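Bear in mind the structure is a predicted one, so any value in this text is a computation, not a measurement.
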Amino acid sequence: MNPLGHLAENVPLQGRYDGLPGLLGGSTAIPYTTVNMTPEPPKDHIIWSLCCFLYSNPCCLGLAALIFSIKARDRKVAGDLEGAQHYGSTARCLNIWATVLVSILVLITIITAIIVLVQANKVIRDHSGYSPYDFNYRG
């Protein structure tokens with residue numbers, strides 16, 4: 001394509017060049033495009049609220065979280081992003097409280113069950129006269 005001894009950058013373009021195509025008057029100004037990016041819509045936490053409502057609903061916190069999540073989704077659809085963000089953050093707070101309370105209750109239930117089983121085992125062992133640590137037992 002290019003003559004011998006000439007670099008590709010030094011070879012003139014073939015044809016006529018009047019500036020950038022599409023510009024009036026052969027202007028050399030560079031056009032730019034503006035992209036308006038909308039911020040990420042606020043989260044409504046609807047799935048978390050449904051799980052809290054169905055599986056862990058202490059003091060109706062799961063129900064309240066579900067109601068606020070639905071309100072947040074309605075505000076988001078209506079275009080009120082600030083209202084959606086407010087309702088979404090309230091739903092998130094209620095979901096956190098519901099999850100923490102249920103986790104504490106489950107932990108207390110497990111600890112109580114372990115303590116009751118250990119005490120029941122101890123009482124049964126004391127009243128039966130059998131001890132697994134008694135080496136003189138001849139059964």
Enquirer: side-chain contact (heavy atoms from CB on, under 4.5 Å) for Ile96 and Trp48? Distances and angles first, verdict last.
Expert: CA-CA 9 Å; Ile96 289 172; Trp48 190 8; 3.5 Å; yes

Enquirer: Find out if a path of hydrophobic residues (ILVMFWY) with successive side-chain heavy-atom gaps under 4.5 Å connects Phe68 to Ile47.
Expert: no

Enquirer: Who pairs with Thr90 by side chain to side chain donor-acceptor pair (under 3.5 Å), at least two apart in sequence or on another chain?
Expert: none

Enquirer: Taking all atoms of both residues into account, what is the closest heavy-atom pair of Gly62 and Asn57, and its distance?
Expert: N-OD1, 3.0 Å

Enquirer: Out of the candidates Ile124, Val118, Asp126, only one should pair with Lys122 under the side-chain contact (heavy atoms from CB on, under 4.5 Å) rule; please name it.
Expert: Asp126

Enquirer: Kindly write out the residues that satisfy side-chain contact (heavy atoms from CB on, under 4.5 Å) with Leu105, not counting sequence neighbours, or none if the list is empty.
Expert: none

Enquirer: Would you give the length of the straight line joining atom CD of Gln85 to atom CG of Leu81, rounded to the nearest 0.5 angstrom?
Expert: 9.5 Å

Enquirer: Transitively linked via ILVMFWY side-chain contacts under 4.5 Å: Ile110 with Val102?
Expert: yes

Enquirer: If you take all heavy atoms of Ala84 and Lys76, which pair is closest and at what distance?
Expert: CB-N, 3.7 Å

Enquirer: Tell me every residue that passes side-chain contact (heavy atoms from CB on, under 4.5 Å) with Thr112, counting only those two or more places apart in sequence or in another chain.
Expert: Ile108, Val116

Enquirer: Quick one: side chain to side chain donor-acceptor pair (under 3.5 Å) partners of Arg92, sequence neighbours excluded?
Expert: none

Enquirer: Is Ile67 reachable from Leu61 through a run of hydrophobic residues whose side-chain heavy atoms are each under 4.5 Å from the next?
Expert: no

Enquirer: Would Asp44 and Tyr87 count as a side-chain contact (heavy atoms from CB on, under 4.5 Å) here? Give the steps.
Expert: CA-CA 8 Å; Asp44 52 15; Tyr87 284 126; over 6 Å; no

Enquirer: Run the numbers on Cys52 and Thr99 for side-chain contact (heavy atoms from CB on, under 4.5 Å), then give the verdict.
Expert: CA-CA 7 Å; Cys52 283; Thr99 304; 3.6 Å; yes

Enquirer: Kindly write out the residues that satisfy side chain to side chain donor-acceptor pair (under 3.5 Å) with Trp97, not counting sequence neighbours, or none if the list is empty.
Expert: none

Enquirer: Given side-chain contact (heavy atoms from CB on, under 4.5 Å), test Leu66 with Leu94 step by step and report yes or no.
Expert: CA-CA 9 Å; Leu66 182 63; Leu94 291 170; over 6 Å; no

Enquirer: Between CG of Leu50 and OH of Tyr55, what distance do you get to the nearest 0.5 Å?
Expert: 9.5 Å

Enquirer: List in chain and number order the residues that pass side chain to side chain donor-acceptor pair (under 3.5 Å) with Ser49, two or more places apart in sequence or in another chain; answer none if no residue qualifies.
Expert: Ser69, Asn95

Enquirer: Would you compute the distance between atom NZ of Lys43 and atom CZ of Arg73 and round it to the nearest 0.5 angstrom?
Expert: 13.0 Å

